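If you're wondering where the values come from, they're calculated on a predicted model, not measured in any experiment.
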Amino acid sequence: KPIEKLSREAAQHEIAKLQDDLRQYGIAYYEQDAPIVEDYIYDALYARLVALETVFPQFINPDSPTQNVGGAMTKSGLEKVVHPAPMLSLGDVFSLEELDEWDSRTTKSLGFQSDYNLELKIDGLAVALTYVSGKLVQASTRGNGTIGEDVTANVKMIKAIPQVLNEPITIEVRGEIYMPKSSFSTLNKQRELDGLAPFANPRNAAAGSLRQLNAKIMKQRNLSAFVYYTAEPDILGSTTQSDALKRFSSLGLPTDTHNRVMTKMADINNYIAEYTVTRDNLAYGIDGVVVKVNQLDDQLDLGNTVKIPRWAIAYKFPPEEALTVVRAIEWTV
Ligand code: NAD
């Protein structure tokens with residue numbers, strides 16, 4: 001039903017139901033690494049909740065999924081880690097029109113048109129890596145954004161993540177741990193042979209692997225990683241996101257090299273169109289494109305909400321099912 005036609009009571013009822021349902025889906029996804037609904041359904045329900053809470057802000061409560069990053073951590077056996085700065089989520093858009101609106105809002109807030117660094121949105125889970133004097137001392141998951149889980153032993157099994165940097169610096173960097181498509185299909189074939197339930201997708205397989213307690217099992221899972229963020233860019237001498245990525249690489253950290261700096265929406269749309277089609281050819285899953293204000297000073301000026309940075313947005317690809325239909329139509333015309 002259109003939101004403007006809802007009575008106050010009907011809106012309150014729908015908001016409470018959506019908050020409750022999304023919390024349940026979040027527990028299955030974030031804590032049990034076993035989603036019970038498809039991502040695009042979660043995303044559609046979440047977008048409806050955001051729209052309702054925007055019109056009826058009196059029904060937003062602090063427990064709402066719109067006000068919280070990830071989920072609580074109920075898994076036993078993993079130590080808790082307090083993040084020095086919160087690990088946030090990303091706002092998302094599902095159409096080029098919405099992306100255009102985000103660009104207009106950002107331009108208005110800054111007072112000028114920004115350059116953007118475009119990155120692929122890696123379909124894995126966020127991790128924070130702490131290096132002291134160049135040595136990896138701790139790795140933790142995002143958790144609820146404030147407190148994560150210590151996964152140091154498992155992360156040390158990931159070959160792409162260096163245990164020693166090329167420079168003896170002390171820095172916390174953040175990125176995405178993912179399961180390459182080849183590792184995922186090998187793992188699920190083996191699970192079938194062993195009579196075990198296959199993982200739903202590489203993201204859940206990566207999360208399930210990282211959050212289990214046996215480092216030997218972790219080694220066999222062949223996970224990989226890309227680093228894309230630090231809250232301490234001064235340590236690198238970087239003033240832009242694109243330069244920070246280069247510095248990560250010079251330190252020996254894995255980075256995805258598909259990023260591009262762009263300003264015009266027409267170029268950004270072309271980049272998105274290109275990866276909407278060629279994503280199948282990549283060795284790892286991506287679920288969208290992240291558009292980030294490139295100047296780090298401008299990122300600081302824009303700041304964050306409780307849940308997301310205002311200086312970045314994720315454009316999410318349409319679900320594969322919908323894409324298959326679009327491709328089928330394209331083939332037949
Ligand atoms: P998100 O995964 O949509 O986006 C934020 C995350 O993107 C960041 O935390 C980071 O880990 C990741 N990321 C990947 N590449 C990045 C890059 N280049 N730069 C910056 N960040 C990058 O947000 P979320 O809060 O982690 O999860 C919400 C999403 O998870 C939903 O949109 C939905 O698709 C899915 N989800 C699904 C269910 C379900 O039941 N199916 C439940 C909960 C969440």
With a 4.5 Å cut-off on side-chain heavy atoms, are Asp267 and Arg260 touching? no
If the plane angle is over 60° it's perpendicular, under 30° parallel, otherwise tilted; pick one for Tyr315 and Phe317. perpendicular
Just to verify, which of Leu245, Asp243, Thr240, Val293 counts as forming a side chain to side chain contact (heavy atoms under 4.5 Å, CB included) with Asn117? Leu245
So, do Gln19 and Arg23 sit near enough that their side-chain heavy atoms are less than 4.5 Å apart? yes
Could you check whether any side-chain N or O of Thr141 sits under 3.5 Å from a backbone N or O of Val127, counting only pairs where one atom can act as donor and the other as acceptor? no
Please check if atom NZ in Lys316 has more than 12 non-hydrogen atoms from other residues, nucleotides or ligands closer than 6.0 Å. yes
Shortest non-hydrogen pair, Ile272 vs Leu99, comes out as CD1-CD2, 3.5 Å
Any donor-acceptor N/O pair, Glu31 side chain to Ile27 backbone, under 3.5 Å: no
Without hydrogens or angle criteria, can the side chains of Asp92 and Tyr46 be said to hold a donor-acceptor pair below 3.5 Å? no
Have Asn201 and Asn204 got a donor and an acceptor in their side chains that come within less than 3.5 Å? yes
Taking Leu45 as the starting point, is it possible to reach Ile15 by hopping between hydrophobic residues whose side chains are less than 4.5 Å apart? yes
Provide the closest heavy-atom pair for Ser209 versus Met218 in the form atom of the first, atom of the second, distance. O-SD, 3.7 Å
Report yes if some heavy atom in the side chain of Gln295 is under 4.5 Å from a heavy atom in the side chain of Trp311; otherwise report no. no
Quick one: does Ser64's side chain get under 4.5 Å of Glu53's, heavy atoms only? yes
Do we see a donor-acceptor contact under 3.5 Å between the side chains of Asp103 and Gln113? yes
Minimum-distance pair of heavy atoms, taken over all atoms of Ala314 and Lys121: CB-CD, 3.8 Å
I'd like to know whether the aromatic ring centres of Phe226 and Tyr178 sit less than 6.0 Å apart in this structure. yes
Do Leu120 and Leu96 belong together in a cluster built from hydrophobic side chains that touch within less than 4.5 Å? yes
Apply the hydrophobic cluster definition, ILVMFWY joined by side-chain contacts under 4.5 Å directly or through others, and give me every member besides Val290. Leu90
Decide if atom NZ of Lys246 counts as having more than 12 heavy atoms of other residues, nucleotides or ligands within a radius under 6.0 Å. no
Apply side-chain contact (heavy atoms from CB on, under 4.5 Å) to Lys307 and Thr66, showing your working. CA-CA 8 Å; Lys307 181 163 178 178; Thr66 62; 5.6 Å; no
Between Glu119 and Gln241: side-chain donor-acceptor atoms closer than 3.5 Å: yes
Do the side chain of Arg247 and the main chain of Leu236 share a donor and acceptor less than 3.5 angstrom apart? yes
Check Arg203 with Asp123, please: is the shortest side-chain N to carboxylate O separation under 4.0 Å? no
Quick check: closest heavy atoms across Ile3 and Ala51, and the distance to 0.1 Å? CD1-CB, 3.5 Å
Would you check if the side chain of Glu176 reaches a backbone N or O of Gly124 as a donor-acceptor pair within less than 3.5 Å? yes
Residue pair Asp33 / Leu210, side-chain heavy-atom distance below 4.5 Å: no
Tell me, yes or no, whether the heavy-atom count around Lys181 atom NZ, taken from other residues, nucleotides or ligands under 6.0 Å, exceeds 12. yes
Thr305 side chain to Ile308 main-chain N or O, any donor-acceptor pair under 3.5 Å? yes
Is any side-chain heavy atom of Val173 closer than 4.5 Å to a side-chain heavy atom of Leu253? yes
Pair Arg48 + Glu14, salt bridge at N-O below 4.0 Å: yes
So for atom CD, which belongs to Glu79, do other residues, nucleotides or ligands contribute more than 12 heavy atoms lying within a distance under 6.0 Å? no
Less than 4.5 Å apart, side chain to side chain, heavy atoms only: is that true for Pro254 and Pro162? yes
Does the side-chain contact (heavy atoms from CB on, under 4.5 Å) test come out yes or no for Asp63 and Gln67, once each step is laid out? CA-CA 7 Å; Asp63 284 348; Gln67 308 300 304; over 6 Å; no
Any donor-acceptor pair under 3.5 Å linking the side chain of Asn188 with the backbone of Phe199? yes
Residue pair Ile268 / Thr263: nearest heavy atoms and the distance that separates them: CD1-O, 4.2 Å
Please report the closest heavy-atom contact between Ile147 and Asn144, naming both atoms and the distance. N-OD1, 2.8 Å
If hydrophobic clusters are built by linking Ile, Leu, Val, Met, Phe, Trp and Tyr wherever their side-chain heavy atoms come under 4.5 Å apart, do Met87 and Ile177 end up in the same one? no
Would a 4.5 Å heavy-atom cut-off, applied to side chains only, mark Asn222 and Pro180 as touching? no
